[in-house]
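Quick note on labels: first sequence line is chain A, next is B, and so on, each numbered from 1.
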Amino acid sequence: MSYLELKEVSKLFGKLGALQDINLQVNKGDIIGIVGPNGSGKTTLINVISGYYRPTQGTVLFDGKKISGKRPDQIAARGIARTFQSNVLFEGASVVESVMVSSYLQYRTRSWQAFFETRAYKDEHEAVVGRVLELLRMLDLFNDTFMPAEGLSHGYQRMLGIAIAMAANPRVLLLDEPTTGMNHEESMFVVENIRKISEQGVTVILIEHNMKVLLNLATRVVVLNFGYKIAEGKPEEVMNNQEVIDAYLGTEIV
Amino acid sequence: MRYIDYKTVLPRTVAGVLVFLIVILPVFTTNVITLSVFISSGIWAIAAMGFTLILRTGQFSLGQAAFMAIGGYTSAIFTVNIGWSFWPSFLLAGIVPGIIALIIGSIVLRVGGTYFSIITLALSEVVRIIAQQWESVTRGTRGLITSPPNPIVINGFEINFYASTVPYFYLMVLLVAITAVVFWQIGRSRIGGTFYSIAANPILAEHQGIPLMKYRVIAFTVAGVFTGFAGSLYAHSLTVITPYMLGLWQSIQIMIMSIVGGIGSLAGGPIIGSIVLYTFGIYLSRVEIYGIQQLLFGGVVVLVLLFLPKGTGLIDLWDRFWRKVIWREEEYEPDTPDD
Amino acid sequence: MPPVGIWIDGLIQSCTYMTMAFGMVLVFSILGILNWAHGQFYMLGAFVFYYAVTAAGIPFPVSLLISGVLVGGLGILVEKFIIERVNIPSAQGALYVTVATIALIFFFEGAASMIFGMQDKGLAMVLPGVLDLGSFSVSYQKIAVVIFTLVIMITMYIVLNHTKVGLAIRAAAQEPDAASLHGINVERLSLLVMGIGCALAAMAGSIMAPVFIINPFIGGIPMIMSLLAIVIGGLGSLTGAIVGGLILGFLNSVVAYHLSYFSEVVLFVLVIIILLVRPQGLFGASRK
């Protein structure tokens, strides 16, 4: 049985179909790349999995349980975290504050324990701080720990986005174009980190335009066009698929 | 590494001395009017702190006076009509508004935002109408005449609420202190961080697994409880509660006290805001021309919003005063939020 | 069944709430903020109308327009010099606009008390007489309210659907960023829309003035009721504002007939129940 499964998922906006009968099976440990022209429904797919949108039809199953129709926070609590396409941040917070408030799910102690600063809470808090700093170190944000998040460069803001998502302790990580707007070096750094995250046992689904990144990284690639899944398979196979080439006609992908 | 930064310590010490002087005010004067000004300011400060706490979750409540009214009427009804003594009624004056906040919050905070502001605003009006029309219980516009708590004797020392205003003053100080400490602790703990995150970016916060509703309702309910206590104290210290004492305009005043005082701090800002604005209001009420109070009040608030740097209230002026006038620092960098 | 008179009163109230709620939602859809002082523009409109009719002796349809233009102009000034300046592009912006427009309630009511005095004023001499329809009669003043509201709604419909300005308003309401990319000056549009919204409130206040009394505090109730109408209809939906206004006006009148004292309380509970069933209001965009 697959880990994360989409069964005939459709999402309509009015009469406009953003996703049409998508079936997708993701196994534990996969790195799935999602490609497609603009407006093909890639972000909608992530929005449906993460609970931001409710699918109009179909179900999303995670670990054998239905998650479609649940709120984003409930889905995040099950272990699915995501990043956003634009640089979505907490206004006014520093890098470390952003990641700390995002670590909500790492706490097992309850609110009243936090209020009274019980021993158990303090111990847990210390452990969380340690993990957050480690995360910042891994994503090369350690030197900017106390920098206001708005002050980071575009590339580092995206890195912070990944750190924020990782702070939710996910088992599945959804990345919406993690390398856009980055130079080659930064992209490669992100790729390296996605691999590291994957090696920690996290299943990764990422939207990516850069085929080189996917060739390097993805175990499987899913191609969307006009909301339909038009191809799925190993990166090399998909790139040579005639339908995929047609869909991309006129763009620089191949 | 810990070191003592005199630039931080000195302003705090001065502020501490000022607070201490207010606390020992009855040593200098037992003038009823002076003490009453501070008692009322303190009561409004508690309500304004409640507003600020709710604001920390990104919601504007325009109905906090309704919770004061519910608290005030609860303890008034239980002492006058049912014959309970003050202290259990006072306790109930926190519980009842808390439950009402919990129920209304659970429904309205699902959408939040402007809907929440409108509903809380309407709540103020609805509570006023109920108080006015439910004559058999609230005596309508005539209001309920409340009685002070019975004298407490501790080791032969008698605290008599009938004989002087001082016991009310200290009850107020105690209530303000407890509210301030509780809210301050909420603000600096992990809960404060969670509040901040759902205000700063609800969508992102929700995707990090934070249940928005739960924390919005917590803030609204906690604020409701303390505001209810304040309302009870208000009704008993003024010896009367009428429908028009705690309506829409008072709700709005609570909000303005919080904003003008400074929303960056959960306790200090609302306290300064309510003392300054309440005193300002008292001086204004001595002016004989009708309408000028409202005109000046509204005008001053608009001017404050237009000409003070954004995000600052009176409490930030205190900070600026030290930096600019005392330390003569050249650059002023606005603080990032303290969460 | 309540008597016909109650239904007519309900219709009159509906007309007020519709016009008020429509103006507020129009402003909201462009500026993204509620003008909490909307009721005070209603009140100021009534006063301008009163003095135009009584002191200057201007015929009442012209006075109605004068009231709309003057108060609409005041609305533009408020937008230009206050709202635009305090509405900073951050999470706090909406808060400052809320506080500023609420402070304006105090300011305008205070100013009106000082300038116009506190005593109730009446305008019963405008359009006196009643239309006798056999079993019941309706005053010409009330008929004027209904006709006026119909004219306003039809005008607004034509403006929004068949003029360039209307198209620009609708485009900016749906996609502010895209609209500004297509050469629509959202800032100027905001001024215009605020002007229209306030003018609508002022004219509603004017046309209601002969039916009711005028004093500096008449704006409060229509404002709260139209806010509730907006909640029922769904924030941001113009259709919702109209339907919400209609529902609330009739309900208020009919419930008040059966339960003279607690009608507002019943309405409030009803609004809460609607929110419980449909958190986004009847016509609001439902959750994605």
message: More than 12 heavy atoms of other residues, nucleotides or ligands under 6.0 Å from NZ of A:K196: yes or no?
response: yes

- line: Nearest heavy-atom contact between B:L204 and A:I164 is CD1-CG2, 4.2 Å

- prompt: How many angstroms lie between atom CE of A:M100 and atom OH of B:Y196, to the nearest 0.5 angstrom?
  reply: 13.5 Å

- prompt: What is the minimum heavy-atom distance between A:A76 and B:E206, and which atoms define it?
  reply: CB-O, 4.4 Å

message: Using every non-hydrogen atom in the two residues, find where B:R190 and A:S111 come nearest and quote the distance to one decimal.
response: NH2-N, 4.2 Å

- prompt: Under 4.5 Å, heavy atom to heavy atom, which residues of residues 103-110 of chain A contact chain B?
  reply: A:Y104, A:L105, A:Y107, A:T109, A:R110

field: Residue selection (most heavy-atom pairs with chain B, distance under 4.5 Å) from A:Q74, A:R78, A:R82
entry: A:R82

- line: Ordered numerically, the heavy-atom neighbours of chain B under 4.5 Å found in residues 113-137 of chain A are A:A114, A:F115, A:E117, A:Y121

message: Quick check against the 3.5 Å criterion: does B:N201 have a side-chain atom that pairs as donor or acceptor with the backbone of A:F90?
response: no

message: For A:S50 versus B:H207, what's the shortest heavy-atom pair and its separation?
response: OG-NE2, 3.4 Å

